[in-house]
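The structure appears below as structure tokens.
Chain A is the first sequence line, chain B the second, and so forth, proteins listed ahead of strands; every chain is numbered from 1.
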Amino acid sequence: MEQFLQQVINGISLGSIYALMALGYTMVYGIIKLINFAHGDVYMIGAYVGYFCMTNLRLGFFPSLLISMLVCAILGVAIEKIAYKPLRNATRIAVLITAIGVSLFIEYGTMYIASPNPRSYPRLTGFMAKSYQVGGLTFSAQQILIIIITVVLMILLQLIVKKTRIGKAMRAVSLDRDAAQLMGISVDNTISFTFLLGSALAGAAGILVGIYYNSINPLMGMMPGLRAFVAAVFGGIGIIPGAMIGGYFIGLVEVMVSGYVNSMFRDAVVFAILIVILIVKPSGLLGKETREKV
Amino acid sequence: MGKNIQASSGNRKWISTAGKLLSLVLFFVVFQLLISFNVVNDYLFSTLVKIGINIILAVSLNLITGFTGQFSLGHAGFMSIGAYVCAIITLRYYSVWGFVCGLLAGAVCAAIVGILVGLPTLRLKGDYLAIATLGMAEIIKILFRNVLDKWTNGAAGLSGIPQFVSWPWLFVLTVGTVILVSNFINSSHGRSCISIREDEIAAESMGIGSTKYKVMAFVTGAFFAGIAGAMYSSYFFYIDPDLFGFQKSIDILVIVVLGGMGSISGSVIAAVVLELISMFLQAYPELKMVIYGALLVLIMLFRPQGIMGSRELSLSFLKKWTGRLGQKNGGAA
Amino acid sequence: MPILTVNKLTKSFGGLMAVTNVSMELEKGELVGLIGPNGAGKTTVFNLLTGIYPPTSGTVTLFRDDKEERLEGLKPHIICKKGIARTFQNIRLFRDLTVLDNVRIAMNKNVKYGLFSTFLRTKSYFSEEKEVLEKSMQLLEILKLAHKKDELAKNLPYGEQRHLEIVRALATDPCILLLDEPAAGMNPAETAQLTEMIAWMRENFDLTILLIEHDMSLVMKICERIYVLDYGMVIAEGTPSEIKSNKRVIEAYLGEEMGNA
């Protein structure tokens, strides 16, 4: 039982990271119906920027976190402006292929510049390096940090989406782009802002996974990116609370499969879940059915 | 009068078919001679093998993605099935017949898995299908690595696979695949597949069972990917699960997109061009992938139809093209 | 003798009743109109009859060759094979294919050669392909599109695109043809020509036709009977002159030009 609870704690920590990434997938899909394949790579860049700040610039964790988020936000907007915006009226498959191209470009560009070898993340110091025992369970400070930062970011995101003008614009554009445009909403700016938010969250996830696993490499975004996408689909793609629930669910599944079955099977299980959802209820846990008008 | 015209057009068809056959035979003989006299050395020949395999992979993926409009990111999964089945069989039965059986068994197994994968997933649309096929390929990879390791030797892979793929094999299998797939496309079945790409609802309303034809295209594509996989394992005598990951599926996709979705000749041209590029970039594998990535983005931004669009290279097309060039030159002069 | 009976057909989209208890009967060889204000559910009825949406309840029965067949809930391609073909309100041609291919595709359901003949080009491939080509050209010839056989469908002028949709539907060899606003966007001269063509097709192809149309001149001129739909329900049924003087119909169309027809 204790072991199980310990796994739950690990699962929630990992799930937090997936939830942060899944939010980016879900917001972008909600607004331009694109699986942003490059999202996992923005997360990887977040991890590398964090690494650079903490080792080369010797900054503390929190400044590094902010810089990571900022750099990723800029990168996300740049990707959108350069690669996706010109294809606003192209087929969805064309944009998807572009996204795959951007993803390859970032992954192997990083590999070319920063070498393919993994790097080990700097250890945190002070209170952030401790771990706490509560009734036989171990909470590492990193886990607590990950969970708290994730919750704070999610609350902030909810406030932005629900309470601000731009948040209202985001919701309007994702419901009906043309109508939103007629109502005087700048669709382009709203889409860019969506990428900005999603990418900043991915940047945060990147630096958090760095301190959690201590090792980063240029291809680290690929599989976690796909898992986070599965999380978004599980919760109902396009729905923000769905992505959060999905993220924690996939995190828990991964930890449980690794802990009780075999860590080699975790991706097989995650993809099997994906295929089952897509076939049984493609709109996900919180989604509504839609149909094509004939 | 009318009959005469028909007869002469029949004759012309005959002549053009004979001409095509002749040029194929010529092509075969020339390369056979070059290989015999070692002008095409082992290194160049291995490039040739890679080109042939990529042509088969690209043409078969084009059938699924370019012609039928079903976006698949798991083509390498089918390739791996052909590769493993053929390798396991030829390792047991070291003979040409073993290879032939392996080749066929590999392709058939890939096709069977194609049915199993296709039936549930082909109901999904566009990007969802892409992710589902990607997931299927990852699951196949994990099966080969962790579940079937008694036969596949797990992550360490199989080595010492007997090498049977020579120039005649390579030629027959590659050209054969191209001919068979184009025969399929220029038939009522092929047209049904294309109509699904164009407008699935209209196609259904015209009596075309979309599921049947999607699965048909998917299974045919999987079959030929299996052949390509078998050729790979038999020529490069070493395989492991990671050779057939997401990366490989993307490689194939790049060829199809560059050549033009819906153009067989485009796929052939792109397979040759890209292999030549990667030959020159051999020392810099990362750079090759950076270029692939940039290429995908640039094609989609500036020439989404690829090199050939959905046209095919034919004599009349060449004539028109050279005619247009001539006109341009004439105009300039 | 009826060829199609529709009994209490109902469709709700998540609680919204798009079509409620629609009952209709088509006699063999009849030309029937389906009219009603925008959003009355006319196209939904077509989508239910052709299987694009499964109905929530109700039955559709086809009588063909002395056989009775229930059609509700079947897939569109099966319904098409049973003999119901349609056109679409918002033209759905295979835009990037040639005119000829558009027609040939509609003939695929009759092609019998299998995969083996396809891959290896046996005799049956050539003979059947030739037959398909000849039949397609005949159809295109009749409807005066033969000279454009190699054009891409999207490059045809609007009126010809509508004609091509009709040719394509005919190519499936139907006994019942559903036309969804065939005259939409046409000028009076084109509409008159289309009116003639529809009547002519019915005679020569042995068809029963159900058509949705807003152009009252066309409907009143060629339809023998008319069903009027409003808010998803049949509010009137009768000959053109009966419909013109029906009070409920006039109410439903209030503000629209009924008298001019």
Side-chain angles (χ1 to χ4, degrees), chain A residues 29 33-35 37-38 41 79 82-84 86-87 90-113 115-116 218-219 222-223 226 229-230 233 237 262-280 282 292 294, chain B residues 65 69-71 73 117 119-121 123-143 145-147 154-155 200-202 205 245-247 249-250 253-254 256-257 261 284-302 304-305:
Chain A
Y29 194 93
K33 302 283 172 284
L34 161 73
I35 299 173
F37 256 94
D41 304 307
I79 293 172
I82 295 168
Y84 304 151
L87 295 171
T91 60
R92 277 162 69 177
I93 294 302
V95 195
L96 187 64
I97 292 172
T98 312
I100 293 172
V102 172
S103 165
L104 287 183
F105 188 80
I106 297 177
E107 281 167 10
Y108 290 90
T110 310
M111 214 183 245
Y112 192 66
I113 295 165
S115 102
L219 297 183
M222 257 163 82
M223 288 318 287
L226 289 171
F229 173 74
V230 175
V233 173
I237 198 146
N262 178 346
S263 67
M264 297 308 252
F265 290 137
R266 57 184 188 193
D267 286 324
V269 172
V270 168
F271 283 117
I273 289 174
L274 171 78
I275 290 163
V276 170
I277 308 163
L278 288 181
I279 289 164
V280 177
E292 191 182 350
V294 181
Chain B
T65 299
Q70 306 304 305
F71 198 57
L73 284 179
V117 173
L119 274 178
T121 55
R123 287 193 292 165
L124 305 168
K125 297 261 179 302
D127 32 15
Y128 279 101
L129 176 68
I131 296 291
T133 46
L134 192 169
M136 282 293 184
E138 287 296 317
I139 293 175
I140 291 172
K141 196 172 97 182
I142 293 165
L143 286 179
R145 194 170 55 207
N146 302 108
V147 181
E200 193 172 334
I201 286 177
S205 301
F246 181 52
Q247 232 32 264
S249 294
I250 295 294
L253 180 72
V254 174
V256 172
V257 170
M261 298 217 259
Y284 315 96
E286 295 103 21
L287 210 56
K288 179 190 135 189
M289 294 310 287
V290 173
I291 290 175
Y292 271 28
L295 207 55
L296 277 180
V297 177
L298 293 177
I299 297 168
M300 283 300 130
L301 290 181
F302 299 111
Q305 71 274 36

Counting only non-hydrogen atoms closer than 4.5 Å, does [X] touch chain B with its backbone (N, CA, C, O), its side chain (CB onward), both, or neither?
X        : answer
A:Val233 : side chain
A:Ile106 : neither
A:Pro116 : side chain

To the nearest 0.5 angstrom, please state how far the [atom1] atom of [X] sits from the [atom2] atom of [Y].
X        : Y        : atom1 : atom2 : result
B:Gln247 : A:Glu107 : CD    : CD    : 7.0 Å
B:Thr133 : A:Phe271 : OG1   : CZ    : 10.0 Å
A:Ile279 : B:Leu124 : CD1   : CG    : 6.0 Å
B:Tyr128 : A:Leu274 : OH    : CG    : 9.5 Å
B:Lys125 : A:Ile93  : NZ    : CD1   : 11.5 Å

[X] versus [Y], closest heavy-atom pair with distance:
X        : Y        : result
B:Ala132 : A:Leu278 : CB-CD1, 4.0 Å
A:Gly109 : B:Val290 : N-CG2, 3.3 Å
B:Val297 : A:Ala83  : CG1-CB, 4.3 Å
B:Ile139 : A:Ala272 : CD1-N, 3.9 Å
A:Leu87  : B:Met300 : CD2-O, 3.4 Å

Do [X] and [Y] make a side-chain contact, defined as non-hydrogen atoms from C-beta onward lying under 4.5 Å apart?
X        : Y        : answer
A:Tyr108 : B:Ile291 : no
A:Phe265 : B:Val147 : yes
A:Tyr29  : B:Asp127 : yes
B:Glu138 : A:Asp267 : no

Option that, when pairs with chain A are counted at under 4.5 Å, heavy atom only, ranks first among [options]:
options                      : value
B:Pro304, B:Ala202, B:Pro120 : B:Pro120
B:Thr121, B:Leu129, B:Leu134 : B:Leu134
B:Phe246, B:Tyr292, B:Tyr284 : B:Phe246

Could you walk me through whether A:Ile100 and B:Leu73 pass the side-chain contact (heavy atoms from CB on, under 4.5 Å) test, one step at a time? CA-CA 11 Å; A:Ile100 293 172; B:Leu73 284 179; 3.9 Å; yes
Less than 4.5 Å to any heavy atom of chain A: does that hold for the side chain of B:Ile131, its backbone, both, or neither? both
Assess whether side-chain contact (heavy atoms from CB on, under 4.5 Å) is satisfied between A:Ile97 and B:Met261, documenting all intermediate values. CA-CA 12 Å; A:Ile97 292 172; B:Met261 298 217 259; 3.7 Å; yes
